[in-house]
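Comments concern the structure below.
Heavy-atom basis, side chains included; hydrogens, waters and symmetry copies ignored. Along the sequence shown, the residues carry numbers beginning at 1.
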Amino acid sequence: KQQIIESPLFHMDPIMTSNFDGWPAIFNDLPKPSIFMLADLWEGGFHGYHPDYIPPDAAYGTVQELSTAIDAAHDNNQLIMPFTLPSWWHEDSDTVTNQLGGLTTDDISMIDAAGTADYASWTLGAQVDWGYFVSPYNSFVKTRVDNVLNELVNDFDMDLIYEDVVGARRCYYDFNP
């Protein structure tokens, strides 16, 4: 715990090289331990195709190269923390387009009092993406978020998880049954 408290946080994307092979040099040059937040490595960039983080954008490298880069961070006493957005899922994510089975986006979304799914934009600068704020009570959503977190922690040995937006939006009742 003390290691986390005393570690500086670096947003990896602005300082990183063009691919995972350049990471070890970065890890060597910065204070140890440091926390490296990964937020732009996914298909779709920072906005990403949440909740799908693996595989990374091919421009940075392969799944194996990402794993090797994370191992290099750990070898240098560094901590890795991916940026995740468990409450908002991009409309073009693999999860939304291919993994819902017989479910619809209305089935997994937060539903307002008028019965409308919470379909909203996610804007950063000039980039505008659209997706769904998902219901934390839906069993598919809970299972998918659990699987994503398990993949990041267990398969890729991520040290911390940054969950953006959770609790940061206005609160309202979710009428999704």
Side-chain angles (χ1 to χ4, degrees), residues 1-90 92-96 99 108 122 124 127 129 131-169:
K1 182 177 177 180
Q2 195 64 29
Q3 178 186 27
I4 294 169
I5 292 169
E6 296 175 357
S7 297
L9 173 65
F10 291 94
H11 191 269
M12 191 63 174
D13 310 317
I15 64 169
M16 66 182 289
T17 61
S18 61
N19 59 45
F20 298 132
D21 293 339
W23 284 20
I26 295 169
F27 298 140
N28 289 332
D29 292 341
L30 293 173
K32 294 172 181 54
S34 293
I35 299 170
F36 291 89
M37 183 169 72
L38 313 179
D40 194 37
L41 309 175
W42 329 117
E43 291 292 333
F46 178 75
H47 287 229
Y49 291 143
H50 303 282
D52 305 317
Y53 305 103
I54 305 298
D57 186 324
Y60 293 111
T62 66
V63 168
Q64 181 56 50
E65 290 166 334
L66 171 61
S67 184
T68 300
I70 292 168
D71 289 344
H74 293 148
D75 289 346
N76 281 284
N77 196 29
Q78 306 292 14
L79 302 169
I80 300 294
M81 178 177 68
F83 170 98
T84 67
L85 194 51
S87 60
W88 182 87
W89 294 3
H90 196 288
D92 295 328
S93 69
D94 184 61
T95 296
V96 171
Q99 296 182 34
I108 64 166
W122 188 260
L124 182 65
Q127 184 176 347
D129 288 281
Y132 300 88
F133 278 96
V134 294
S135 175
Y137 307 108
N138 177 277
S139 60
F140 177 84
V141 171
K142 289 192 282 188
T143 298
R144 182 67 184 122
V145 170
D146 285 348
N147 289 343
V148 166
L149 295 177
N150 283 326
E151 179 180 41
L152 294 173
V153 172
N154 297 325
D155 297 349
F156 288 88
D157 203 19
M158 304 284 186
D159 302 292
L160 305 156
I161 303 289
Y162 182 87
E163 294 183 327
D164 196 40
V165 180
V166 175
R169 294 189 73 228

Would you say [X] and [Y] make side-chain contact, with heavy atoms under 4.5 Å?
X: Met81; Y: Leu9; answer: yes
X: Ile161; Y: Pro82; answer: yes
X: Glu43; Y: Asp94; answer: no

Say you draw a straight line from [atom1] of [X] to [atom2] of [Y]; how long is it, rounded to the nearest 0.5 Å?
X: Met37; Y: Leu160; atom1: CE; atom2: CG; result: 11.5 Å
X: Asn77; Y: Gln3; atom1: CG; atom2: CD; result: 5.5 Å
X: Asn147; Y: Leu152; atom1: CG; atom2: CG; result: 11.0 Å
X: Tyr49; Y: Thr95; atom1: OH; atom2: OG1; result: 13.0 Å
X: Lys142; Y: Tyr137; atom1: NZ; atom2: OH; result: 9.5 Å
X: Leu30; Y: Ile35; atom1: CG; atom2: CD1; result: 13.0 Å

task = In sequence, state the C-alpha distance, the side-chain angles, and the governing distance for Met158 and Leu38, and then conclude on side chain to side chain contact (heavy atoms under 4.5 Å, CB included).
result = CA-CA 10 Å; Met158 304 284 186; Leu38 313 179; 4.2 Å; yes

[X] versus [Y], closest heavy-atom pair with distance:
X: Leu149; Y: Glu163; value: CD1-OE2, 3.8 Å
X: Val148; Y: Pro51; value: CG2-O, 3.3 Å
X: Ile108; Y: Phe140; value: CG2-CD2, 4.0 Å
X: Val145; Y: Pro86; value: CG2-O, 4.1 Å
X: Ile80; Y: Phe27; value: CD1-CZ, 4.2 Å
X: Leu66; Y: Phe20; value: N-CD1, 3.5 Å

[X] side chain vs [Y] backbone, donor-acceptor pair below 3.5 Å:
X: Thr84; Y: Tyr162; result: yes
X: Thr68; Y: Gln64; result: yes
X: Glu6; Y: Ser34; result: no
X: Asn19; Y: Asp21; result: yes

task = Check the angle between the aromatic planes of Trp42 and Tyr53 and answer parallel, tilted or perpendicular using the 30° and 60° thresholds.
result = perpendicular

request  = Check step by step if side chain to side chain contact (heavy atoms under 4.5 Å, CB included) holds for Asp52 and His90.
outcome  = CA-CA 9 Å; Asp52 305 317; His90 196 288; over 6 Å; no

message = Taking the ring of Tyr132 and the ring of Trp89, is the distance between their centroids below 6.0 Å?
response =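 No, too far apart.
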
key: Steps toward side chain to side chain contact (heavy atoms under 4.5 Å, CB included) verdict (Ile26, Phe10)   = CA-CA 11 Å; Ile26 295 169; Phe10 291 94; over 6 Å; no

ask   = side chain to side chain contact (heavy atoms under 4.5 Å, CB included) between Asp129 and Trp88: does it pass, once the steps are laid out?
value = CA-CA 11 Å; Asp129 288 281; Trp88 182 87; 4.0 Å; yes

